[in-house]
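Heads up: the structure comes next, in structure tokens.
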Amino acid sequence: MNKNYSEIDLKNAWKDLSSKRFENKILEKEEIMEAIKSKSGLNIISLKKSLKIKASFCFAFVFLFILIALLNFDYNYKFTGNEDSYFHLLFAFIYAVGSFILYKRYKKMDDGLYSESSLLDNLKHNKATIKSALVVERIWGILAMILLYAFYFSRWTTEASSPKALIIRIGIFFSITVVLMYIAELMNKKKFGSKIKELEEDIIRLELLE
């Protein structure tokens, strides 16, 4: 050690070194947060776009069910409907409600991260919103399937010539439903799963930084 340095000089040098290290840590933390913000922002944009497409696609089914219902109306007798027409109108209503809820979730997502809350709170908000949208879709899909079963089961019990024919119809219908639900879940996982997982990882990183 150089004896020309006084104790005060050494304390000042240590203080200067400590402050520089602290400043570097702050800069490093800010850089990491900016990187997370940029990456998660792109993920949220992608998730929001996918959710809008899903809501628009579901809303298209509203018009399809209304069209099918109108085709089943009896225009020769005071514009009266039958079971088919009323059933498809009910389905149109269910899809309209579901589409509206999905669209509301889409509008709630902050893809620009502009809210006044912290980045961590913002990411948590977006994650909760997209997850709730997928839960809503799943619930209303199950409700639609229950109604579909009830409608066709009531028909098959009167149309089927034997219990065996009824069981075969129900078995085929159930198999198709399971396959369609599996495909829908697979598509959701492919479209949303990886992005939601990355969002959750960014949330964990931010929680460790704070």
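Computation of the quantities below employed the complete heavy-atom set of this structure, encompassing side-chain atoms and omitting hydrogens, waters and symmetry-equivalent molecules.
- Note on Asp202 versus Arg205: salt bridge recorded, some NZ/NE/NH1/NH2 to OD/OE distance being below 4.0 Å.
- Both Ile94 and Tyr86 belong to a single network of hydrophobic side chains, linked directly or stepwise wherever heavy atoms of I, L, V, M, F, W or Y lie under 4.5 Å apart.
- Two rings, from Phe65 and Tyr95, have their centers less than 6.0 Å apart.
- Nearest heavy atom pair, residue Trp140 against residue Ser99, reads CH2-N, 4.3 Å.
- Phe100 is not connected to Ile53 by any chain of hydrophobic side-chain contacts under 4.5 Å among Ile, Leu, Val, Met, Phe, Trp and Tyr, and they are in different clusters.
- Rounding to the nearest 0.5 angstrom, the gap separating the NZ atom in Lys124 from the CG atom in Leu199 is 11.5 Å.
- Between the CG atom of Leu206 and the CG atom of Asn122 there is a distance of 10.5 Å, given to the nearest 0.5 Å.
- With values rounded to the nearest 0.5 angstrom, Leu71 atom CG is found 10.0 Å from His88 atom NE2.
- Ring-plane geometry between Phe59 and Phe63 is classed as perpendicular, the angle between the planes exceeding 60 degrees on a 0 to 90 degree scale with a lower cut at 30.
- For the pair Leu102 and Ala133, the tightest heavy-atom approach, listed with the atom from each and the gap, is CD2-O, 3.4 Å.
- Aromatic ring pairs are classed by plane angle as parallel below 30°, tilted from 30° to 60° and perpendicular above 60°; the pair Tyr103 and Tyr106 is tilted.
- If you take OG on Ser40 and CD on Glu201, they are separated by 12.0 Å, rounding to the nearest 0.5 Å.
- A distance of 7.0 Å separates CD1 of Ile203 from CD of Glu207, quoted to the nearest 0.5 Å.
- Across Ile66 and Ala92, no two heavy atoms sit closer than the pair CG1-CB, 3.7 Å.
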### Query
What do the steps show when you test Asn43 against Lys39 for side chain to side chain contact (heavy atoms under 4.5 Å, CB included), and what is the final call?
CA-CA 7 Å; Asn43 280 339; Lys39 177 173 166 288; 4.2 Å; yes
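- A single hydrophobic cluster is not seen to contain both Leu90 and Ile139; linkage of ILVMFWY side chains at heavy-atom distances under 4.5 Å, directly or through other members, places them apart.
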### Task
Show the numbers, then the answer: is there a side chain to side chain contact (heavy atoms under 4.5 Å, CB included) between Lys48 and Arg105?
CA-CA 9 Å; Lys48 188 174 181 180; Arg105 296 294 190 280; over 6 Å; no
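- Salt-bridge annotation for Glu200 and Lys195: absent, with no side-chain N of the basic residue lying under 4.0 Å from a carboxylate O of the acidic one.
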### Query
Given Leu70 and Ser85, is the side chain to side chain contact (heavy atoms under 4.5 Å, CB included) satisfied, shown in steps?
CA-CA 7 Å; Leu70 291 174; Ser85 58; over 6 Å; no
### Query
What do the steps show when you test Leu47 against Met109 for side chain to side chain contact (heavy atoms under 4.5 Å, CB included), and what is the final call?
CA-CA 9 Å; Leu47 286 168; Met109 291 189 73; 4.0 Å; yes
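- Neither Ile44 nor Leu42 shares a network with the other; the hydrophobic side chains, linked directly or stepwise wherever heavy atoms of I, L, V, M, F, W or Y lie under 4.5 Å apart, form separate groups for each.
- Distance CD/Glu185 to CG/Leu134: 8.5 Å, rounded to 0.5 Å.
- Side-chain contact annotation: Lys54 with Asn188, donor-acceptor N/O pair under 3.5 Å present.
- One hydrophobic cluster holds both Leu180 and Ile172 under the rule that ILVMFWY side chains link at heavy-atom gaps under 4.5 Å.
- Remark: the Asp110 side chain and the Asn126 side chain contain no N/O donor-acceptor pair separated by less than 3.5 Å.
- A side-chain contact (heavy atoms from CB on, under 4.5 Å) with Lys108 holds for exactly one of Thr129, Leu51, Ile130; it is Thr129.
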